[in-house]
J.: 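Could you have a look at this structure, given as structure tokens, before my questions?
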Amino acid sequence: MNITSAEFVISNSNVDMCPHTDMPEYAFIGRSNVGKSSLINMLTNRSKLAMTSATPGKTLLINHFLINKQWYLVDLPGYGYAQRGKSMMEKIRKLIEGYVLKREEMSCLFVLVDSRLEPQKIDLQFIEWLGENGVPFAIIFTKADKLGTGKLKTNINNYLEKLKEQWEELPPYFISSAEKKTGREEILNYIEKVNKMLKEQ
Ligand code: GTP
Ligand code: MG
């Protein structure tokens, strides 16, 4: 799929204030610093569309980006960044929970996990919670450029094995690198496929 336009629309601190449209949207979630905002920039080929930072806790609001004037990408704050302090973490937790459970326009939630790490409890618990609530999701393994091919394969296989303990059927998954643009075509094709499916319904 070609990205012909990508525009920032609005930031919100509450799901009830997000734009109400009949367009599908795709949101990115995961631990702080996993690479959500970088991935949005990589997918849209715009280096400064979403704000990124080497320090965790950069994205604090729900950010809507209109793509090809037809669908949205949504950048969300990360979870699990304890240095923020208890009340800020609670605020972010509520914001994420509200968005994920209430946002009817959300067609798929991409859960980003760092391909370098062993399966993290916080991600597995989040994924389990998605399952309990019937939220459609896919997994994206990020920062693939930071690993050699062998190690990358091993880590991903380990992750899938871990998921099989929870799930009869594995969710769709993708491998990405914002640096090297790995996974761009696959993720955009998947979005295109879901967009088409929704149109035909
Ligand atoms: P929060 O908004 O704080 O939740 O973080 P985020 O998940 O949006 O992460 P962000 O995109 O801001 O990236 C965090 C850091 O990781 C930045 O320094 C990025 O340059 C780096 N990064 C993101 N993706 C990749 C990648 O694919 N490869 C490499 N090498 N670095 C990456
Ligand atoms: Mg971010």
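Please read all numbers here as calculations on a predicted model, not as lab measurements. Every number for a ligand or one of its atoms is a count from 1 in the order of the listing.
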J.: Does a sphere of radius 6.0 Å around CD in E132 hold more than 12 heavy atoms from other residues, nucleotides or ligands, not counting ones at 6.0 Å or beyond?
T.: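 Above 12, so yes.
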J.: How far is atom 18 (O) of ligand 1 from the closest protein heavy atom, and which atom is that?
T.: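 In this structure, atom 18 (O) of ligand 1 has A54 CA, 3.3 Å as its nearest protein heavy atom.
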J.: Heavy atoms only, cut-off 4.0 Å: how does P56 contact ligand 1, side chain, backbone, both, or neither?
T.: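 Just the backbone.
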J.: Which pair of non-hydrogen atoms, one from P136 and one from S107, has the smallest distance, and what is that distance?
T.: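 Nearest pair, atom of P136 first, then S107: CG-O, 3.5 Å.
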J.: Please write down residue, atom name and distance for the protein heavy atom closest to atom 4 (O) of ligand 1.
T.: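 Protein heavy atom at minimum distance: K36 NZ, 2.8 Å.
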J.: With heavy-atom distances below 4.0 Å as the criterion, list the atoms of ligand 1 near G78.
T.: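 Reading through ligand 1 atom by atom, the close ones are 4 (O).
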J.: I40 and T44: which non-hydrogen atoms are nearest, and at how many Å?
T.: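 So the minimum-distance heavy-atom pair works out to O-OG1, 2.7 Å.
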J.: Could you walk me through whether D16 and K102 pass the salt bridge (Lys or Arg N to Asp or Glu O under 4.0 Å) check?
T.: CA-CA 8 Å; D16 298 325; K102 287 204 222 157; 3.5 Å; yes
J.: Does P77, backbone or side chain, put an N or O under 3.5 Å from an N or O of ligand 1?
T.: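 In this structure, P77 places no N or O atom under 3.5 Å from an N or O of ligand 1.
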J.: Suppose we only count N/O/S atoms under 2.8 Å; would T52 qualify as near the Mg ion (ligand 2)?
T.: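 Short answer: no, not a single N, O or S atom is under the cut-off.
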J.: Pull out every atom of ligand 1 sitting under 4.0 Å from any heavy atom of K58, numbered as shown with elements.
T.: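 In order of number, 1 (P), 2 (O), 3 (O).
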J.: Write down the atom of G80, the atom of I122, and the distance for their closest heavy-atom approach.
T.: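 For G80 and I122, the tightest heavy-atom pair comes out as CA-CD1, 3.6 Å.
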J.: So, does N155 use its side chain to make a donor-acceptor pair with the main chain of S115 at under 3.5 Å?
T.: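 Looks like yes, one N/O pair under 3.5 Å.
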J.: So, N12 side chain and M17 main chain: donor-acceptor pair closer than 3.5 Å or not?
T.: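 Indeed, once roles are kept as given, a pair shorter than 3.5 Å links the two residues.
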J.: Tell me the nearest of S32, G183, A178 to atom 24 (N) of ligand 1, using heavy-atom distances.
T.: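 Nearest option to atom 24 (N) of ligand 1, by heavy atoms: A178.
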J.: Report the angle formed at the Mg ion (ligand 2) by atom OG of S37 and atom OG1 of T59, rounding to the nearest 10°.
T.: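 Taking the Mg ion (ligand 2) as the apex, the two atoms subtend 90°.
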J.: I'd like to know: is the Mg ion (ligand 2) within the 2.8 Å range of an N/O/S atom from S32, strictly under that distance?
T.: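 So S32 does not bind the Mg ion (ligand 2) by this criterion.
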J.: Using a heavy-atom cut-off of under 4.0 Å, does the side chain or the backbone of K180 touch ligand 1, or both, or neither?
T.: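 No part of K180 is near ligand 1 at this cut-off.
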J.: Between W129 and Y79, is the ring centre distance below 6.0 Å?
T.: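 No.
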J.: Yes or no on salt bridge (Lys or Arg N to Asp or Glu O under 4.0 Å) for K86 and E90, after CA distance, side-chain angles and deciding distance?
T.: CA-CA 6 Å; K86 258 197 181 152; E90 187 56 17; over 6 Å; no
J.: Would you tell me which option among S38, A144, G30, S115 has the nearest heavy-atom contact to atom 11 (O) of ligand 1?
T.: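 Closest candidate by heavy-atom distance is S38.
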J.: For atom 25 (C) of ligand 1, find the nearest protein heavy atom and state the residue, atom name and distance (0.1 Å precision).
T.: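 Atom 25 (C) of ligand 1 sits closest to the protein heavy atom K143 CG, 3.7 Å.
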J.: Which residue holds the protein heavy atom closest to atom 29 (C) of ligand 1, what is that atom called, and what is the gap in Å?
T.: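 I find the closest protein heavy atom is E179 CG, 3.3 Å.
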J.: For atom 28 (N) of ligand 1, what's the nearest protein heavy atom and its distance?
T.: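 The answer is D145 OD1, 2.7 Å.
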J.: Where is the nearest protein heavy atom to atom 5 (O) of ligand 1: which residue, which atom, and how far?
T.: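 Of the protein heavy atoms, N33 N, 2.9 Å lies nearest.
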J.: How far is atom 3 (O) of ligand 1 from its nearest protein heavy atom, and which residue and atom is that?
T.: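 Result for atom 3 (O) of ligand 1: G57 N, 2.7 Å.
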J.: Heavy-atom distances under 4.0 Å decide this one: backbone, side chain, both or neither, for S53 against ligand 1?
T.: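 Within the 4.0 Å criterion, S53 contacts ligand 1 through backbone atoms alone.
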J.: With atoms numbered from 1 as shown, which atoms in ligand 1 lie under 4.0 angstrom from a non-hydrogen atom of S37?
T.: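 Once the distances to S37 are compared, the set is 8 (O), 11 (O).
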J.: For atom 9 (O) of ligand 1, which protein heavy atom lies nearest, and how many Å away is it?
T.: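 Minimum-distance protein heavy atom for atom 9 (O) of ligand 1 reads G35 N, 3.2 Å.
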J.: Hydrogens and angles aside, do T4 and N68 bring a side-chain donor and acceptor to less than 3.5 Å of each other?
T.: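 Judged by distance alone, the side chains do pair up.
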J.: Consider ligand 1: state whether an atom of it lies below 4.0 angstrom from any non-hydrogen atom of V34.
T.: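 Per 4.0 Å heavy-atom rule, V34 contacts ligand 1.
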J.: Strictly distance-based, threshold 3.5 Å: is any side-chain N or O of N41 a donor or acceptor partner for the main-chain N or O of L49?
T.: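 It does hold such a pair.
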J.: Compare every heavy atom of I3 with every heavy atom of R46, then report the nearest pair and how far apart it is.
T.: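 Nearest heavy atoms, R46 then I3: NH1-CG2, 4.0 Å.
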J.: Should the pair F28 and F110 be assigned to parallel (<30°), tilted (30 to 60°) or perpendicular (>60°) ring geometry?
T.: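 F28 and F110: parallel rings.
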J.: Within the 4.0 Å heavy-atom shell around S177, which atoms of ligand 1 are there?
T.: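 Heavy-atom distances to S177 below 4.0 Å select 27 (O).
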